[in-house]
Amino acid sequence: MTQQLAIPQAPSAISQARPGAHFAAPVLGTAGLVTVLLGAFLPMLDFFIVNVALPTIDHDLAAGPAVLELVAAGYGIAFAVLLVLGGRLGDSFGRRRLFIIGAGAFAVTSLLCGLAPTAWALVAARAAQGASAALLLPQVLATITAASSGHQRARALSIYGAVGGVSVVIGQVLGGMLVSADLFGTGWRAVFLLNVPFALLTAILAFPFVPESRSPHAAGIDLPGTALLTAALLALFLPLMEGRAAGWPLWSWVLLGAFPFLAAGFLYVERRAEQAGQVPLVPLSLLRIPEMRRGLGVAVPYFTGFGGFMFVVAVMLQQGLRLGPVAAGWALVPMAVGYFSASLSGPRLISRFGSRVITVGAVVQGSGLAILVATVLLDWAHFSPWRMLPGVALAGIGQGLIGTPLFRVVLSKVPAERAGVGSGVLATTQQSSLALGVATLGTLFLALSPTLGIAHALALVLTLQLTGSVVIALLSARLPRTVV
């Protein structure tokens, strides 16, 4: 059946309910697309918006370095470990329903963050906010996948990719502006309180405009798989994000040592469950789809480098160049413009050149990083946002050329009934890799800066990211040439 991008007349009448039921396929209209993209924008924005507010939070709540790391990391950890479960719940109970619940919970937890009286209360509220984001975000990609097709789906996924990249940069800019503006004396609290009306608006708009869809073969919750995946990701991210601030205590090394065993246990349990005819949390059969398997292979170095780049450059601008939060945010605007422009031109380029657009994007991104490395090493004494503009703009264009087709490649052959779990796997890979980039490249930069100096530490980290661009270019050559 050909699906058209038109505003549905009766969303409740187009739900996919149960096997054997004969309902019209869900159709995502323009207003519905805007609504789900707003739902995607908010949690991705909050992944980075808090970075520029951390010094003010430390001053107001006497948080200390380790607790400040948890304010930032608690959100990302809860977000990453629960994303696949969020996708599964949407498949089972309805993606619009989970989208609305997630948006409402995001509003409530954002309010709790904005009103937090102590640093530890803020840590708890941030973790709850990450959990609500994990309910919300997988429903976006799943709804797009299940309720659109052909050109409409390609356009929607391209816009989603643009929203994802630009939200990171906007988070840095907007966060700095809100903290500096000190609206009604709220200071850093405005960073969280701003979410409340927009999240509530998203939930309200979803009722008339977002079609309901679900898997026709609803499955129960995979408790062993969920527990093992959560334990594995916690074992990886807690020490990477907290180890440096806590002085690398024994528990951090124990958790890192346990990670490969927990990951292997998760894969074993999931494989056995699928062989037994059950529906695991992550059906490993999805990885037999070449587009998903190879696309996820590209996604890991891409999002790891992107997350690390944003964190390291933000720290460099504020600590190295002594820029205020607003000026530091605006220094990254050229990258956002480049990313957004490349994302918008992506569908046309992909239709003509296929997945080779990703390869070209990796080369362009690598060129921008190489220019930045040369600019840093040749004349650090005069380094400024103006001098970094060519490099960050070129890197942004390359990132847009990679990110736009990547979502399409990964989800192109995922069956509609598995849209939720497929989207959850992709979103988990995205958020986990972003967090991994911050934890590894960010920690390396912060550890080396006191001894090597900011310039040489920055050049080293950017060179590692440049190596990641080479890896992306090589891996992208194995992707299917045609992207549907």
Side-chain angles (χ1 to χ4, degrees), residues 44 47-48 50-51 54 65-66 68-81 83 130 165 168 172 229 231-249 251-260 262-263 296-317 319-320 362 365-366 369 372-373 376 395 399 402-403 427-454 456-472 475:
M44 290 192 282
F47 196 96
F48 284 94
V50 74
N51 286 346
L54 290 177
L68 277 182
E69 291 258 2
L70 277 177
V71 170
Y75 178 86
I77 292 172
F79 197 178
V81 301
L83 271 166
V168 176
Q172 305 276 129
L229 179 62
L233 291 176
L234 286 174
L236 176 64
F237 286 121
L238 273 178
L240 287 178
M241 292 182 167
E242 286 296 299
R244 184 189 64 85
W248 296 107
W251 65 260
S252 63
W253 296 108
V254 171
L255 285 179
L256 283 174
F259 167 70
L262 291 169
L296 290 177
V298 173
V300 171
Y302 169 66
F303 288 115
T304 299
F306 189 81
F309 180 89
M310 292 302 302
F311 179 82
V312 168
V313 170
V315 172
M316 178 273 296
L317 290 169
Q319 295 186 4
Q365 177 185 250
L369 292 171
L372 274 176
V373 171
V376 168
Q399 288 161 351
I402 298 170
T428 299
T429 302
Q430 177 187 12
Q431 299 304 321
S432 299
S433 299
L434 286 171
L436 186 64
V438 174
T440 54
L441 296 173
T443 298
L444 180 65
F445 175 74
L446 293 174
L448 294 179
S449 294
T451 54
L452 294 183
I454 287 182
H456 288 89
L458 175 62
L460 176 60
V461 171
L462 290 175
T463 301
L464 291 176
Q465 294 170 344
L466 175 57
T467 304
S469 296
V470 175
V471 171
I472 294 170
L475 291 176

Taking side chain to side chain contact (heavy atoms under 4.5 Å, CB included) as the definition, give me every residue that meets it alongside [X], ordered by chain and number, with sequence neighbours left out.
| X | answer |
| --- | --- |
| L466 | L369, A370 |
| A457 | F445, L448, S449 |
| V254 | L250 |
| A258 | L262 |

[X] side, atom [atom1]; [Y] side, atom [atom2] - distance, nearest 0.5 Å:
| X | Y | atom1 | atom2 | result |
| --- | --- | --- | --- | --- |
| L238 | L255 | CG | CG | 6.5 Å |
| I77 | L240 | CD1 | CG | 9.5 Å |
| L452 | L460 | CG | CG | 7.0 Å |
| T440 | L436 | OG1 | CG | 4.5 Å |

Taking all heavy atoms of [X] and all of [Y], pick out the closest pair and write down the distance.
| X | Y | value |
| --- | --- | --- |
| V471 | P301 | CG1-CG, 4.4 Å |
| P450 | A447 | CD-O, 3.4 Å |
| W253 | W248 | NE1-O, 3.5 Å |
| V461 | L444 | CG2-CD2, 4.3 Å |
| A232 | A263 | CB-N, 4.0 Å |
| G243 | P249 | O-CD, 4.1 Å |

*asked:* Holding to ring pair (Phe, Tyr, Trp, His ring centres under 6.0 Å), I want the full list of residues that pass it with W251, two or more places apart in sequence or in another chain.
replied: none
*Mind checking what makes side-chain hydrogen bond (donor to acceptor under 3.5 Å, both in side chains) contact with Y302, not counting sequence neighbours?*
Y339
*Any side-chain heavy-atom pair from F79 and L83 closer than 4.5 angstrom?*
yes
What donor-acceptor contacts under 3.5 angstrom involve side-chain atoms of residues 303-317, with partners at least two apart or in another chain?
residue, atom, partner, partner atom, Å
T304, OG1, V300, O, 2.6

